[in-house]
Amino acid sequence: MVTRPSPTTSTQARSPAEDLHALVEHLAVGPMHVVGQDVSGGLVYRLAAAHPGDVASLTAVEAGLAGFGAERLADVTHGGVWYLGALAAPGVASLLFERQARAFIGDYLYPLYGTAITADDLDEFARSYGRPGGFSGAAGLYRGMLTEGEELRTLARSPLRMPVSAIGAAGGEFTHAAFSAASGADVTGVQLEGVGHYVAQEAPELLAATLLELLDDVQESGR
């Protein structure tokens, strides 16, 4: 049985991109070089597709897109991870994760992706996510990611007009494949070897240097 996204879920997925557009418009700072990592891939893609005047270039870092493979990340029967579906299910995150936020984040999540965090980081994560409703933001993001595929495929009927880049790390070519399929244009791909999934947290200097190189190429190309 195929479950179609409800209007509420659709709005949840669309609203952050519209909020970001409103901010860019209010501050009069566009077009901007936009970077999105991990689950924010759908947000930055929506911004670029729906409001191309806001975006000078788009760079995705270890990110997937619903409708272009991201749903498979929650398919445990084909190598996906169980917690994505749990987070996306209404109410389940508060039942499973809030009281065990420290163990889930420190003993399971970060070790799963091979990234170390400091004791201070873990204390703050446990404090923030362990509060009532602490996982509600993450739950909404994953719910949107797993249900917005039809809308993103519709947006993808029109190719993106700005330069698009994909930075992969532990996920390999996953990001490049998703954004190549969705953008309808050539995507510049960069692979960071020996870096885990949480690129900005694990290797911030390397990521910054890579982004600067990509943006220099955009400036030189004059696009």
Side-chain angles (χ1 to χ4, degrees), residues 16-66 68-70 73 109-110 113-118 120-121 124-125 137-138 141 145 152 155-156 158-223:
E18 292 303 315
D19 289 344
L20 187 54
H21 163 65
L23 179 62
V24 171
E25 191 174 55
H26 174 72
L27 297 176
V29 293
M32 304 184 68
H33 298 290
V34 176
V35 180
Q37 178 175 277
D38 195 22
V39 73
S40 67
L43 185 159
V44 295
Y45 175 78
R46 280 180 179 274
L47 180 69
H51 303 287
D54 291 350
V55 183
S57 71
L58 175 63
T59 303
V61 184
E62 280 286 289
L65 291 170
F68 298 91
L73 298 176
L109 189 62
Y110 273 87
Y113 292 109
T115 300
I117 55 176
T118 67
D120 288 342
D121 288 337
E124 180 58 22
F125 283 142
L141 285 172
M145 184 192 79
L152 296 191
L155 287 173
S158 298
L160 296 183
R161 304 198 299 244
M162 71 290 297
V164 181
S165 301
I167 299 176
E173 294 294 319
F174 183 79
T175 303
H176 187 268
F179 279 80
S180 293
S183 68
D186 290 336
V187 174
T188 300
V190 177
Q191 181 66 32
L192 303 181
E193 300 298 338
V195 180
H197 175 60
Y198 298 115
V199 180
Q201 190 171 10
E202 181 177 331
E205 294 182 358
L206 176 59
L207 177 59
T210 303
L211 288 171
L212 289 174
E213 288 183 11
L214 290 171
L215 297 183
D216 283 344
D217 290 343
V218 170
Q219 299 280 21
E220 291 176 5
S221 69
R223 291 183 60 187

Visitor: To the nearest 0.5 Å, how far apart are CE in Met32 and CG in Leu20?
Guide: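 Taking CE in Met32 and CG in Leu20, the distance rounds to 8.0 Å.
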Visitor: Could you give the distance from OH (Tyr198) to CD1 (Ile117), rounded to the nearest 0.5 Å?
Guide: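 So the OH of Tyr198 and the CD1 of Ile117 are separated by 9.5 Å.
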Visitor: Can you name the nearest heavy-atom pair linking Phe174 to Gly64, along with the distance?
Guide: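 In this case the closest contact between Phe174 and Gly64 is CE2-CA, 3.4 Å.
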Visitor: For the side chain to side chain contact (heavy atoms under 4.5 Å, CB included) test, which of Asp54, Val24, Leu23 pairs with Val29?
Guide: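 Exactly one option meets the side chain to side chain contact (heavy atoms under 4.5 Å, CB included) with Val29, and it is Val24.
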Visitor: Rounded to the nearest 0.5 Å, how far does OH of Tyr113 lie from CG of Asp38?
Guide: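 Between Asp38 CG and Tyr113 OH, I get 7.5 Å after rounding to 0.5 Å.
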Visitor: Going from CG on Asp217 to OG on Ser57, what distance comes out if it is rounded to the nearest 0.5 angstrom?
Guide: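 Taking CG in Asp217 and OG in Ser57, the distance rounds to 10.5 Å.
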Visitor: Please lay out, stage by stage, how Leu160 and Tyr45 fare under the test side-chain contact (heavy atoms from CB on, under 4.5 Å).
Guide: CA-CA 9 Å; Leu160 296 183; Tyr45 175 78; 3.8 Å; yes
Visitor: Where the side chain of Gln191 meets the backbone of Ala169, is there a donor-acceptor pair that is under 3.5 Å apart?
Guide: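 At least one qualifying donor-acceptor pair exists.
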Visitor: Quick one about Glu202 and His197 (side-chain donor to acceptor, distance below 3.5 Å, no hydrogens or angles considered), yes or no?
Guide: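 There is no such pair (donor and acceptor under 3.5 Å, judged by atom type) between the side chains of His197 and Glu202.
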Visitor: Could you tell me whether the side chain of Thr118 and the main chain of Asp121 form a donor-acceptor pair under 3.5 Å?
Guide: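 Yes; judged by distance alone, with no hydrogens or angles, the pair exists.
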Visitor: Is there a side-chain contact (heavy atoms from CB on, under 4.5 Å) between Ile167 and Leu211? Walk through the geometry before answering.
Guide: CA-CA 9 Å; Ile167 299 176; Leu211 288 171; 3.9 Å; yes
Visitor: For His51 and Glu18, what are the C-alpha separation, side-chain angles and deciding distance, and is it a side-chain contact (heavy atoms from CB on, under 4.5 Å)?
Guide: CA-CA 9 Å; His51 303 287; Glu18 292 303 315; 3.0 Å; yes
Visitor: Looking at every non-hydrogen atom in both residues, tell me the closest pair between Gly41 and Phe179 and how far apart they are.
Guide: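 Heavy-atom minimum between the residues: O-CZ, 3.9 Å.
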Visitor: Taking atom CG of Leu65 and atom OG1 of Thr175, what is their separation to the nearest 0.5 Å?
Guide: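 These two atoms lie 9.0 Å from each other.
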Visitor: Give me the atom names and distance for the closest heavy-atom approach of Gly196 to Ala170.
Guide: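 For Gly196 and Ala170, the tightest heavy-atom pair comes out as C-CB, 3.8 Å.
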Visitor: Using every non-hydrogen atom in the two residues, find where Val55 and Ala48 come nearest and quote the distance to one decimal.
Guide: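 Looking at all heavy atoms of both residues, the closest pair is CG2-CA, 3.8 Å.
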Visitor: Can you see which heavy atom on Leu155 is nearest to which on Arg46, and at what distance?
Guide: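 Scanning both residues completely, I find the closest heavy atoms to be CD1-CG, 4.1 Å.
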Visitor: Identify the heavy atoms of Gly184 and Pro159 that sit nearest to each other, and give their distance.
Guide: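 It is O-CB, 3.9 Å.
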Visitor: Could you check if a side-chain atom of Thr59 sits within less than 4.5 angstrom of a side-chain atom of His33, using non-hydrogen atoms only?
Guide: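 Side chain of Thr59 against side chain of His33, heavy atoms only: no contact under 4.5 Å found.
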Visitor: How many angstroms lie between CG in Leu43 and CG in Leu141, if you round to the nearest 0.5 Å?
Guide: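 If we round to the nearest 0.5 Å, Leu43:CG and Leu141:CG are 8.0 Å apart.
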Visitor: Is it the case that Tyr110 and Gln201 place a side-chain donor and acceptor less than 3.5 Å from each other?
Guide: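 Present: a donor and an acceptor within the cut-off.
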Visitor: Let's go through Val190 and Ser165 carefully: what are the C-alpha distance in whole Å and the side-chain angles of both, what is the deciding distance for side-chain contact (heavy atoms from CB on, under 4.5 Å) to 0.1 Å, and is it a yes or a no?
Guide: CA-CA 8 Å; Val190 177; Ser165 301; over 6 Å; no
Visitor: Backbone N or O of Ala200 within a donor-acceptor pair of the Gln37 side chain at under 3.5 Å?
Guide: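 Yes, because the side chain of Gln37 sits within donor-acceptor range (under 3.5 Å) of the backbone of Ala200.
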